[in-house]
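This report refers to the structure that appears directly beneath it.
Order of the sequence lines fixes the chain letters, A, B, ..., with proteins taken first and strands second; residue numbering starts at 1 for each chain.
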Protein chains: 4
Amino acid sequence: MKRNKPKYHQIIDAAVVTIAENGYHQAQVAKIAKQAGVADGTIYLYFKNKEDILISLFEEKMGSFVKKIQEALAGKTEAAEKLLLLVDHHFSILAEDRHLAVVTQLELRQSNKELRLKINGVLKDYLQLIDEVLKEGVEKGEFRPSLNIQLARQMIFGTIDETVTTWVMNDQKYDLPALSSEVGEMLLNGFSIR
Amino acid sequence: MKRNKPKYHQIIDAAVVTIAENGYHQAQVAKIAKQAGVADGTIYLYFKNKEDILISLFEEKMGSFVKKIQEALAGKTEAAEKLLLLVDHHFSILAEDRHLAVVTQLELRQSNKELRLKINGVLKDYLQLIDEVLKEGVEKGEFRPSLNIQLARQMIFGTIDETVTTWVMNDQKYDLPALSSEVGEMLLNGFSIR
Amino acid sequence: MKRNKPKYHQIIDAAVVTIAENGYHQAQVAKIAKQAGVADGTIYLYFKNKEDILISLFEEKMGSFVKKIQEALAGKTEAAEKLLLLVDHHFSILAEDRHLAVVTQLELRQSNKELRLKINGVLKDYLQLIDEVLKEGVEKGEFRPSLNIQLARQMIFGTIDETVTTWVMNDQKYDLPALSSEVGEMLLNGFSIR
Amino acid sequence: MKRNKPKYHQIIDAAVVTIAENGYHQAQVAKIAKQAGVADGTIYLYFKNKEDILISLFEEKMGSFVKKIQEALAGKTEAAEKLLLLVDHHFSILAEDRHLAVVTQLELRQSNKELRLKINGVLKDYLQLIDEVLKEGVEKGEFRPSLNIQLARQMIFGTIDETVTTWVMNDQKYDLPALSSEVGEMLLNGFSIR
DNA sequence: AATGAATGAGTGTTCATTCAT
DNA sequence: GATGAATGAACACTCATTCAT
């Protein structure tokens, strides 16, 4: 399994840095290889093609992203609390890895539709996590029984995503995690029983 | 003024169709020219370069988009009503122009950072319109006085945008405008006084 | 006869100015037309194509150039005197028309081989004039009887041309005509009987 | 160092042949690559851009040109002899490389002013060599003490250059080196003490 | 005669991928 | 496994010339 070899992660991390520093369209394979300290050809021993690097990058980073958030929510009983934690961790994780934030919010979106569809596939785990929290909230009577889960999830993800993107486009110059409770409250209000 | 000549709009409309049908990276100038029924060189009598076509496209379409929504809100007195109308018109306008929806939600986002910054400049008018509705709602006591306008705007825009994008990625196969009141209500709940 | 219409000369003079100020490769037909104060299409009522403008330009200017020098030599009896006068007038005429000097010495030489061959045809009158002076000098016993007329002519023209080109490339910042007698004397020494 | 790799010279030689046979403006990079037996992209592993090929071509060829002439003059004591040898070798070297003669005398002069300025920089070594011979001749009393070195150099270079160009334009159909002594003598007469 | 909008052929350069070593 | 030299397809833009008015 290639995933277990050191060069696999070495190349993915090099890709994150290279894309963050040069932009998506200026992150040529040769540049990533140089950043990783391997030859151009070596890349192709670990990845099928350039697209495969980017998908793998997203899978690896998003996988650990979702895992961290799942761990944070484990043991909590209230859906509202879970939602607040989710927003908070989403913001915190990206605020702690500036390179990754630039790559996921700005650069990777320049990839073509095909790649973005694959990336969306990777995102599904995260969206399902959100869905579960929402369903739980409805079942437990915390949220309105009439709540349209899909719309609510789009509201949560859209709001979080837009907030992070705006922060990245403003050069990350304000404290993103500080906004999490306010964002979380606004979202909760949207779902709650009057 | 080139904007008033028929070929200017002819080329922009051709660009929308070409990009929607072929994707951003497969929308070569030659293809746009052919779709517009003009020679390649004619493009450059109306646009400085390819980027200029895309920015102009966005300006023209977004300009009329904002104008339509402004007109719809004119004469309404309640901020809540305005917000619902805004969501409804946003959905309706894009649902009525499938090509434009694909271009704005998926294809144009693949452009490089530079172009996207210019596009964001064009978006400002729309974001300001949202801000005004929010401020009005706060002043009139419809929304919480403590509402963070910027965050609320990001929630509105993020939610709408994510909802439209999901709809486009699902090949526009369900009725988007039908969702507007539900989305609008969720947003309103987020801002309202308990 | 197009040569007698005012626009013919208007366009040629515009070509000289445009080429001198913008360089050969930046002297587009549209720019020449604008400088001449006519429409692009009007150029083609007076000239077959762009090359024709340049050849005509050279013919007109070189024609008057040769004529002026012929007039200067008329009535002189000694070949040596004629040669000195020829160098002197060559330098003076170009020194008095800075634009023309740039065009003939630098810019027009960037034209393709074909055009340059035609230009050489135009130059023939001038080279013949030189040949006549040389033959006269040999016949009158001023120059060596063994003088190779063709080589001597190449020496004269080559020397003059190189001197003018060097002066133009140095931005015409020294007094070219002041060098004529020295150049002329060196040439004469080359041909004279010991 | 790329200069030491075989493909570097392979490409330069291909450029000489391609330009000589097709003309400056018809010598596309693709044609040069084909002539060199490499892929288009390979060119750019050895040269920054097309202009770089041409400058390098001139540097390489002119460098060896000057070197050959310097070697021929080494050990000679009289300036007159050196001048005769210089003319003779100049003619002989170009007569032995018909392609190079066409390229330097006709084709490369069609390049734009910018490239020609760089080419002139390369020529400086040659002009300095001429200057040294002239100064030596004056110091040793072979040439007139009043000799204007710059003018004399322009006479030498201009005469040689015009003679070679005329020969090339006449399709190299007569024996150029056979003219060298006559040309050399005429030049020497121009500088000598009576 | 004069206009100027429209035409469309032509080309240097990049970069993901391969494969002989 | 690792290398990196070599490959070659793909594309925005310019400008001389035309021709309907």
Side-chain angles (χ1 to χ4, degrees), chain A residues 2 5-7 11 25-34 36-54, chain B residues 2 5-8 10-11 25-34 36-54, chain C residues 2 5-7 11 25-34 36-54, chain D residues 2 5-8 10-11 25-34 36-54:
Chain A
K2 310 217 152 164
K5 303 201 178 169
K7 281 194 181 158
I11 291 165
H25 289 292
Q26 280 308 302
Q28 297 88 346
V29 172
K31 225 178 245 171
I32 295 172
K34 198 172 183 182
V38 301
D40 297 14
T42 305
I43 299 266
Y44 291 86
L45 299 175
Y46 295 89
F47 300 91
K48 203 157 44 90
N49 48 37
K50 188 180 180 180
E51 190 178 67
D52 189 27
I53 308 176
L54 303 175
Chain B
K2 312 225 146 157
K5 300 195 180 172
K7 281 195 181 153
Y8 176 82
Q10 196 173 325
I11 291 166
H25 290 292
Q26 279 307 303
Q28 297 89 344
V29 172
K31 228 177 243 170
I32 295 172
K34 199 170 182 182
V38 300
D40 295 15
T42 305
I43 299 268
Y44 293 88
L45 296 176
Y46 295 90
F47 301 91
K48 204 155 46 80
N49 49 37
K50 188 179 179 181
E51 190 179 67
D52 189 27
I53 308 176
L54 304 175
Chain C
K2 311 217 150 162
K5 301 199 181 171
K7 280 193 181 158
I11 291 166
H25 290 292
Q26 281 307 304
Q28 296 89 346
V29 172
K31 225 177 244 172
I32 295 173
K34 198 172 183 182
V38 301
D40 296 14
T42 304
I43 298 266
Y44 291 86
L45 299 175
Y46 295 89
F47 299 91
K48 202 156 48 91
N49 49 37
K50 188 180 181 180
E51 190 179 66
D52 189 26
I53 308 177
L54 303 175
Chain D
K2 314 223 144 159
K5 300 194 178 172
K7 281 195 182 153
Y8 177 82
Q10 196 173 325
I11 291 165
H25 290 292
Q26 278 308 302
Q28 296 91 342
V29 172
K31 227 177 243 170
I32 294 172
K34 199 171 184 182
V38 301
D40 296 14
T42 306
I43 298 267
Y44 292 86
L45 297 177
Y46 295 90
F47 300 91
K48 204 155 45 81
N49 49 38
K50 187 179 180 181
E51 190 180 65
D52 190 28
I53 308 177
L54 304 175

Starting from C1' on E:dG10, measure out to NE2 on C:His25 and report it in whole angstrom. 16 Å
What contact category does A:Lys7 fall into here, base, sugar-phosphate, or nothing, at under 4.0 angstrom with non-hydrogen atoms? sugar-phosphate
To check you understand the geometry: which heavy-atom pair defines the closest contact between C:Lys31 and C:Gln26, and what is its length? NZ-O, 2.9 Å
Send over the distance from D:Lys34 NZ to E:dT11 C1', rounded to a whole Å. 16 Å
DNA chain F nearest-nucleotide lookup for C:Ala27 and A:Gly37: closer to the 5′ end is A:Gly37
To the nearest angstrom, the NZ-P distance between D:Lys50 and E:dG10 comes to 15 Å
Can you tell me the Watson-Crick or wobble partner of F:dA16, both distances under 3.5 angstrom? E:dT7
Just the rounded figure in Å: distance from C1' of E:dG12 to CG of D:Asp40. 9 Å
Taking atom CZ of D:Phe47 and atom OH of D:Tyr8, what is their separation to the nearest 0.5 Å? 5.0 Å
Donor-acceptor under 3.5 Å (B:Lys50 side chain, B:Val29 main chain): no
For B:Tyr46, report the nucleic acid contact type (base, sugar-phosphate, nothing); a contact means any heavy atom under 4.0 Å. sugar-phosphate
C:Ile43 CD1 to E:dG4 P: how many Å, rounded? 13 Å
Please report the distance, rounded to the nearest Å, between OH in D:Tyr44 and C1' in E:dC15. 13 Å
Distance check, rounded to the nearest 0.5 Å: A:Ile11 atom CD1 versus A:Lys5 atom NZ? 11.5 Å
Tell me, please, the opening and closing nucleotides of DNA chain F, 5' to 3', among those with an atom under 4.0 angstrom from a non-hydrogen atom of chain C. F:dC15 to F:dT18
D:Gln28 atom CD is separated from E:dG10 atom C1', nearest whole Å, by 8 Å
Need the pair for E:dG12. Rule: Watson-Crick or G-U wobble, both distances under 3.5 Å, any strand; none if unpaired. F:dC11
Of C:Glu51 and B:Glu51, the one whose closest DNA chain F nucleotide lies more 5': B:Glu51
Just how far is it from atom CD1 of B:Ile32 to atom CD of B:Gln10, taken to the nearest 0.5 Å? 13.0 Å
At 4.0 Å (heavy atoms only), tell me whether B:Val29 reaches a base, stays on the sugar-phosphate, or touches nothing. sugar-phosphate
Which sits closer to the 5' end of DNA chain E, A:Gly41 or C:Leu45, going by the nucleotide each is nearest to? C:Leu45
More 5' along DNA chain E: D:Lys48 or A:Asn49, using each one's nearest nucleotide? D:Lys48
Pairing check on E:dT21: which nucleotide meets the Watson-Crick or G-U wobble criteria with it, both distances under 3.5 Å? F:dA2
